[in-house]
Amino acid sequence: MSASHRDAFPGLAKTHFDQFPWSQLIAASPRKECQAYQDAFRDKARELAEAGHTEAASAARAMQAVALLRLNLDKPRQPFSGLSPIPGTKFPGPEDFGEPLLAAFADLANEAADPEFKARLADLCWSTQQKRNFALVAPAIEAYLASAASLCQAIPGETEMQLCQRWDATALRLRRALQLAKMTRHKLLDTVKAAFDQVFSVHSATAPLLELGSLLASYQNEIEGDTAALIQIAAKCANRAETEQQWGQLRHFLRLKANWEKKAGQPDQAVKSEEARAETYLHDATANPTFMGKAHWVAKAITAYRDVSPKSPRIEALKRLMAEYQRQGMAEMQTITYPVGNGTDPAQAAKHVSGKAFAEAIWRLAGVLPPMEEKRFHEAVLMRCKDPFFALVSQNLIDWDGRLIAKRGSPVDDDPKVREHAIRAEMFRMAVEAEKVVVSGYVEPARLQLLSEHNPTLQDFYRVLVDSPFIPPGREYFFARGLYEGLNGDFLVAAHLLIPQFEHALRFHLEERGVDVTTFDQGVQELMDINTLFGIRRENLLQLLGEDQVFELEGLLIRRYGSNLRNFLAHGLFWPPQFFDTSVIYLWWVTLRLSAYHLFPHPSSTKSTPSAGTVKPEPKFK
């Protein structure tokens, strides 16, 4: 493993693969998955190298690299990538296989008898070769379906974990076969549809609900089927989820059922399904051990009701219930402090998310620290004012291109406006330094640890964030995609998606509370931008978010002595490296925190009224 694998297998041709019995190694493996094959290829490579067969050993290592590739369906045109077991290292990926080697793989795909490895070779070549070979699509689809049919067969004596892993692999292969058929408009699409129907017909009572849900969602998005039959399948899965008390899965199946009911021209029944879905959050509220956790789930129920039945009297009853939980929960809340200095422990942050299911791990990452406390930064600046040099010296701010973009006067100036501006500017500057500590000591260690244990899809993120009271209706995709890209380290995409949506979300929540977020000038009505919101609507934001989160967001988004991310992005002032700066990562994490924990003001914020309760609920997720 290394950071770069360009030309990792130079000079390999098909004749080199013929020098070792790769097909027999696959046939001898008791588990018919690529992940199992890599062990056999690795051991054979060592054996060949020790015997002095250098080229055959290199061919075996190339086979191992193919078997180790990760399959990510969120990138259908090139779903494969090299495995990265440790941050900073990776096994070879598609970019490390040159055209001659891919041509050899294409020949091997035609020879492969095992459907699992045949699908891998054919799909890899079709996805990676500079000139796509359409002839490889049909073998890939058929092999994926054959591999899925084999994997979905029960294994005597397997554990619950092994069953879930087997079905995860089954669903992944079925969904990839569907992707290939849809992308290429292949005549095998009907064959793929029949394979899905077979799974629903035979395995809906025994397959894990999570995988049934992913397959049904793919079916709904990509395949035209018998709507009446699909409603019955979704209802059957929903009944099973309710019996097993898997409330997250129940919500997923009720949503699928409602969508098909709308398609079938049954709008009233669809509303009933959606209302039943909203009520499932109360089961999670009942099970949660904390009152603020209970309020969190009731808030989700309110959001779900508002989306489908905004005039339902049930909403007011749920609001009263949430308010009662919030009132009782205030006694549970405690102020959490953390050092801004050299006392951070990245290993502890990584341990905080380690060994948890993805949904719980992402919640732990979101809540790894509370918001920065404005009061502490104010106190720190006043303490610095005791230093005569700091107190008397003004400060100029230079951007990346060397331009003077801001001036700060002395924090002990005789003019109170100059003095207050200088103190606030220094508070925002110190917050930028604190962001670096939080990101390097807490957020990044936890993010990288989570990625080392999980390979989440965009759908996984959507499921965790669905019905978040912070995310405005209809904007779920932007938030889920932005947070997903940030989790995977693409903060350039994350920033472009999340920063504009953040501005919209603040306007949305103020409007929801009856606050006018428009200006009216000469007969023209304009929406307030975020700079104006933090000016003339500051008191409303304080009520919505609390002092600490307003301070945090103000510095991150619009203040020149802070990170000023919104204005830099809106005016095209970012250079590529800036998208991977700690401030962008910090904003991504703040967005994750608000999306997961809604709008809870930190206990130290005395001028705030909680609008949705959270602290650290530990719910079940789908």
On a heavy-atom basis, which atom in [X] and which in [Y] lie closest, and how many Å separate them?
X	Y	answer
Ser218	Phe196	CB-CE2, 4.4 Å
Gly225	Lys193	CA-CE, 4.1 Å
Glu453	Gly355	OE1-N, 2.8 Å
Lys32	Ala27	NZ-O, 3.1 Å
Val353	Ala446	CG2-O, 3.4 Å
Arg277	Ala304	NH1-CB, 4.0 Å

Check for a donor-acceptor pair, side chain of [X] on one end and backbone N or O of [Y] on the other, with a separation under 3.5 Å.
X	Y	result
Arg173	Leu145	no
Arg240	Ser204	yes
Asn133	Ala135	yes
Thr184	Leu180	yes
Gln501	Arg475	no
Gln249	Gly213	no
Asn221	Ala217	yes
Lys262	Pro267	no
Glu476	Gly474	yes
Arg447	Leu365	no

Stepwise, does the side-chain contact (heavy atoms from CB on, under 4.5 Å) test hold for Arg77 with Met183? CA-CA 9 Å; Arg77 289 288 171 182; Met183 280 193 300; 3.9 Å; yes

State, yes or no, whether a side-chain contact exists between [X] and [Y] at a heavy-atom distance under 4.5 Å.
X	Y	result
Thr128	Phe105	no
Tyr281	Thr303	no
Arg255	Gln220	no
Thr54	Leu48	no
Leu498	Phe491	no
Ile362	Phe461	yes
Phe478	Pro500	no
Pro208	Gln246	no

Give the C-alpha distance, both sets of side-chain angles, the deciding distance and a yes or no for side-chain contact (heavy atoms from CB on, under 4.5 Å) between Phe117 and Leu108. CA-CA 10 Å; Phe117 206 63; Leu108 295 173; over 6 Å; no

Measuring from atom [atom1] of [X] to atom [atom2] of [Y], what distance do you get when rounded to the nearest 0.5 angstrom?
X	Y	atom1	atom2	result
Arg176	Leu174	CZ	CG	13.0 Å
Lys257	Gln266	NZ	CD	8.0 Å
Trp167	Leu212	CH2	CG	6.5 Å
Gln179	Leu73	CD	CG	4.5 Å

More than 12 non-hydrogen atoms from neighbouring residues, nucleotides or ligands closer than 6.0 Å to CD on Gln162, yes or no? yes

From the list Phe470, Trp588, Phe479, ring-ring contact (aromatic ring centres under 6.0 Å, His included) with Phe502 holds only for Phe470

For the pair Arg251 and Asp467, evaluate salt bridge (Lys or Arg N to Asp or Glu O under 4.0 Å) and give the outcome as yes or no after the intermediate values. CA-CA 11 Å; Arg251 283 189 285 275; Asp467 291 326; 5.6 Å; no

Asp39 vs Arg42, salt bridge (Lys or Arg N to Asp or Glu O under 4.0 Å): CA-CA, chis, key distance, verdict: CA-CA 5 Å; Asp39 293 329; Arg42 178 200 60 208; 3.3 Å; yes

Arg593 NZ/CZ over Trp589 ring centroid, <6.0 Å and within 45° of normal: yes

Intermediate values then yes/no, side-chain hydrogen bond (donor to acceptor under 3.5 Å, both in side chains), Ser23 and Glu111: CA-CA 9 Å; Ser23 57; Glu111 295 180 4; over 6 Å; no

Looking at the rings of Phe97 and Phe80, which for Trp means the six-membered one, are their centres under 6.0 Å apart? no

Do the two ring centres, one from Tyr462 and one from Tyr484, sit under 6.0 Å apart? no

Pair Asp460, Thr457 - check side-chain hydrogen bond (donor to acceptor under 3.5 Å, both in side chains), show working. CA-CA 5 Å; Asp460 294 329; Thr457 64; 3.2 Å; yes

Step by step, work out the side-chain hydrogen bond (donor to acceptor under 3.5 Å, both in side chains) result for Asp197 and Tyr219. CA-CA 9 Å; Asp197 291 337; Tyr219 199 109; 2.9 Å; yes

For Glu224 and Lys263: C-alpha separation, side-chain torsions, deciding distance, then whether salt bridge (Lys or Arg N to Asp or Glu O under 4.0 Å) applies. CA-CA 11 Å; Glu224 292 291 332; Lys263 193 171 183 179; 3.0 Å; yes

Between Glu116 and Arg120, is there a side-chain N and carboxylate O pair less than 4.0 Å apart? no

Lys/Arg N to Asp/Glu carboxylate O, Arg46 vs Glu50, below 4.0 Å: no

Show the numbers, then the answer: is there a salt bridge (Lys or Arg N to Asp or Glu O under 4.0 Å) between Asp268 and Lys272? CA-CA 6 Å; Asp268 293 341; Lys272 290 180 181 178; over 6 Å; no

Show the numbers, then the answer: is there a side-chain contact (heavy atoms from CB on, under 4.5 Å) between His203 and Glu211? CA-CA 11 Å; His203 300 286; Glu211 308 311 334; over 6 Å; no

Review item, side-chain donor-acceptor pairs of residues 55-69, under 3.5 Å, at least two apart:
from, atom 1, to, atom 2, distance (Å)
Glu55, OE1, His16, NE2, 3.3
Gln64, NE2, Gln38, OE1, 3.0

Given Arg566 and Glu503, is the side-chain contact (heavy atoms from CB on, under 4.5 Å) satisfied, shown in steps? CA-CA 9 Å; Arg566 182 270 180 190; Glu503 186 166 339; 3.0 Å; yes

So Phe20 and Phe41, would you call those rings parallel, tilted or perpendicular, with 30° and 60° as cut-offs? perpendicular

